[in-house]
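Okay, so here's the structure we're looking at.
A, B, ... follow the sequence lines: proteins, then strands. Residue 1 opens every chain.
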Amino acid sequence: MGIYEELKARGLIAQVTDEEEIRELLNNGKAVFYIGFDPTADSLHVGHFMALCLMKRLQMAGNKPIALIGGGTGMIGDPSGRSDLRQMMTTETICHNCDAFKKQMERFIEFGEGKAMMVNNADWLMKLNYVDMLREVGCCFSVNNMLRAECYKQRMEKGLSFLEFNYMIMQSYDFYHMFQAFGCNMQFGGDDQWSNMLGGTDLIRRKLGKDAYAMTITLLMNAEGKKMGKTASGAVWLDPNKTSPFDFYQYWRNVGDADVLKCIRMLTFLPLEEIDAMDKWEGSQLNRAKEILAYELTKLVHGEDEAEKAQETARALFSGTGDAENMPATVLSEDRFENGKIGVLNLLTACGLCASNGEARRLVQQGGVMVSDKKAEVTDVYDREDFSGEGVVIKKGKKIFHRAQI
RNA sequence: GGGGGAAUUCCAGAGCGGUCAAAUGGGGCAGACUGUAAAUCUGUUGUCUACGACUUCGAUGGUUCGAAUCCAUCUUCCCCCA
């Protein structure tokens with residue numbers, strides 16, 4: 001089975017421009033492909049992780065990846081899948097984010113001579129001259145067609161600025177540029193990028209009369225049709241400082257039954273046969289599958305040690321035995337105490353478990369808080385000494401554990 | 001450039017000048033049930049020194065005993081015509 005077939009079997013491929021050609025290129029290690037990453041935050045998240053895995057898989061099959069950081073396109077902002085104008089980012093934030101991305105990616109992909117490349121499209125996009133640019137590529141784009149593109153459709157109702165309208169042209173230009181500069185013959189991206197990517201293959205065909213290919217990766221959706229990798233408080237980050245390995249583990253440990261196998265197939269590197277065997281699992285047996293999923297992903301992102309720790313901690317906490325060293329912890333600062341004492345409500349907000357005192361109060365009143373295995377009351381007060389040594393374990397709801405120490 | 005409309009709490013979306021911290025739905029959080037799943041049911045969802053007080057309804061001024069609701073200016077967005 002070639003790599004293309006494997007990707008397909010894993011359900012990673014959404015759309016392709018020319019299946020035969022792409023299969024041929026990928027299976028024979030002849031593809032020089034790129035995936036773009038927009039520096040919209042200072043850390044990569046789960047969505048990017050899929051792309052990184054894909055890069056890794058293809059690299060292992062002998063193809064050459066180019067990771068493109070959108071330092072230039074970030075100046076514009078991609079309107080795809082957005083219902084409103086993206087907030088414009090300052091040049092400084094973009095640079096900062098680019099650096100952060102670079103560091104994270106190096107953990108997954110091997111860069112260097114003859115291996116993967118990392119480039120920043122600011123290097124060529126920022127130099128472009130408006131009129132030259134229009135004359136060079138502007139003539140190749142049909143506004144009529146662009147307006148028909150899926151990525152703009154929803155924005156036709158809400159309003160779309162000219163700035164954002166140009167995003168597709170910028171992205172197309174990237175491909176065109178890299179096709180010539182690095183022999184890049186293929187582009188991958190999320191399925192929401194399809195129209196932007198076609199813009200690139202089209203431009204190459206028109207300008208150079210050559211063929212280039214594009215393929216999109218299935219977006220990771222749950223059974224309800226929502227994007228996965230998001231929580232109420234935002235994305236699930238790969239940066240351990242933004243999403244702790246334990247929380248990361250728990251996110252996957254808690255996916256719905258209907259989604260486990262899909263996630264394992266798409267995100268892990270487990271052999272397909274092994275996954276197919278799991279397909280038959282059902283009911284509470286799926287809990288085992290969820291553990292595997294969570295462990296494997298944590299291992300990939302944070303390393304084996306962290307995965308081990310997270311798993312042990314989770315098992316200990318949920319089985320109610322053993323103590324759990326690796327749960328998220330907060331060190332209480334002195335000024336949180338008043339005369340050497342602290343009330344539950346303050347404790348909860350100090351640990352970031354509640355956003356406000358009022359929220360903490362409600363939570364406690366509804367019986368959602370346990371401190372050291374005892375149900376908390378609003379009037380509870382703790383001594384400073386209680387937090388020395390191992391500290392105190394706070395349980396919010398059924399699944400959130402937190403340790404408070406001094 | 002001309003004409004019309006809209007801005008409400010996380011989102012969507014109600015809201016007579018007093019009874020509005022603001023209907024309803026979604027989402028979130030918690031409780032029950034469970035398998036750390038889903039579905040379902042219940043409670044809750046501005047802040048605080050909490051049976052009371054304080055700050056909110058795009059921004060700034062104004063009318064009024066009183067304004068999310070009326071007036072003016074500004075900002076942003078949408079629609080129609082050019």
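- Classification of the A:F188-A:F33 ring pair by plane angle, with boundaries at 30° and 60°, yields tilted.
- A:R362 comes within contact range of the sugar-phosphate backbone alone, with a heavy-atom separation under 4.0 Å but no base atom that close.
- Ring pair A:F165/A:F162 is tilted by interplanar angle, where 30° to 60° counts as tilted.
- Between B:rA67 and B:rU56, the distance separating the two C1' atoms is 14 Å to the nearest Å.
- Between B:rA30 and A:K375, no contact under 4.0 Å exists linking OP1 or OP2 to a side-chain N or O.
- Mapped onto RNA chain B by nearest heavy atom, A:Q366 and A:E359 fall at different nucleotides, with A:Q366 at the one closer to the 5' end.
- Nucleotide B:rC41: paired with B:rG31 (Watson-Crick or G-U wobble, both distances less than 3.5 Å).
- B:rU49 sits 40 Å from B:rU75 when the P atoms are compared, rounded to a whole Å.
- For A:R361, counting side-chain heavy atoms from C-beta on, the closest listed nucleotide (B:rA37, B:rA50, B:rG43) is B:rA50.
- Pair assignment for B:rA53 gives B:rU47, based on Watson-Crick or G-U wobble hydrogen-bonding distances that are each under 3.5 Å.
- For the OP1/OP2 pair of B:rC48 and a distance below 4.0 Å, the side-chain nitrogens and oxygens of A:S356 include at least one atom meeting the criterion.
- Between the C1' atom of B:rG35 and the CG atom of A:D259 lies a distance of 16 Å, rounded to the nearest Å.
- To the nearest angstrom, C1' of B:rC51 lies 12 Å from CD of A:Q365.
- The nearest whole Å value for the distance from the CD atom in A:Q250 to the P atom in B:rA37 is 10 Å.
- Side-chain atoms of A:N357 lie closest to B:rC48 of the nucleotides B:rC48, B:rG35, B:rC33.
- Heavy-atom neighbours of A:D132 CG from other residues, nucleotides or ligands within 6.0 Å: above the threshold of 12.
- B:rU69 and B:rA7 are spaced 11 Å apart, taking the P atom of each and rounding to whole Å.
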Assess the residue pair A:H302 and A:Y249 against the criterion (ring-ring contact (aromatic ring centres under 6.0 Å, His included)); give the C-alpha distance rounded to whole Å, side-chain angles, the decisive distance to 0.1 Å, and a yes or no. CA-CA 10 Å; A:H302 298 295; A:Y249 179 93; over 10 Å; no
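- Following rounding to the nearest Å, A:K398 (NZ) and B:rA30 (P) show an atom-to-atom distance of 8 Å.
- Comment: A:D99 does not engage A:K102 in a salt bridge, judged by the lack of any side-chain N to carboxylate O separation of less than 4.0 angstrom.
- Pairing of B:rU36, defined by two Watson-Crick or G-U wobble distances under 3.5 Å, is not identified with any nucleotide.
- Ring-plane geometry between A:H177 and A:Y173 is classed as parallel, the angle between the planes falling under 30 degrees on a 0 to 90 degree scale with a further cut at 60.
- For B:rC77, the O4'-C1' to base torsion is more than 90° from 0; the nucleotide is therefore anti.
- Atom CG of A:L363 is separated from atom P of B:rU47 by 13 Å (rounded to the nearest Å).
- Straight-line distance between the P atoms of B:rC10 and B:rA23: roughly 13 Å, to the nearest whole Å.
- We find that CG of A:N287 is positioned 11 Å from P of B:rA38, with the value rounded to whole Å.
- Look at the C1' atom in both B:rA39 and B:rU34: the space between them is 11 Å, to the nearest Å.
- RNA chain B is contacted by both A:G358 and A:V255; A:V255 maps to the nucleotide lying nearer its 5′ end (nearest heavy atom per residue).
- Across every strand in view, B:rC77 sits in a pair with B:rG5 that passes the Watson-Crick or G-U test at under 3.5 angstrom.
- For the pair A:W281 CH2 and B:rG35 C1', the computed distance is 14 Å after rounding to whole Å.
- Atom name P, nucleotides B:rA12 and B:rU19: the rounded distance is 26 Å, in whole Å.
- Of all nucleotides present, none satisfies the Watson-Crick or G-U wobble test against B:rC20 with each distance under 3.5 Å.
- Within 6.0 Å of the NZ atom in A:K242, the count of heavy atoms belonging to other residues, nucleotides or ligands exceeds 12.
- Rounded to a whole Å, the NZ atom of A:K395 is 11 Å from the P atom of B:rA30.
- Rounded to the nearest Å, the gap between the P atom of B:rG35 and that of B:rG46 is 34 Å.
- The same atom, P, is picked in B:rC79 and in B:rC74; the two are 23 Å apart, to the nearest Å.
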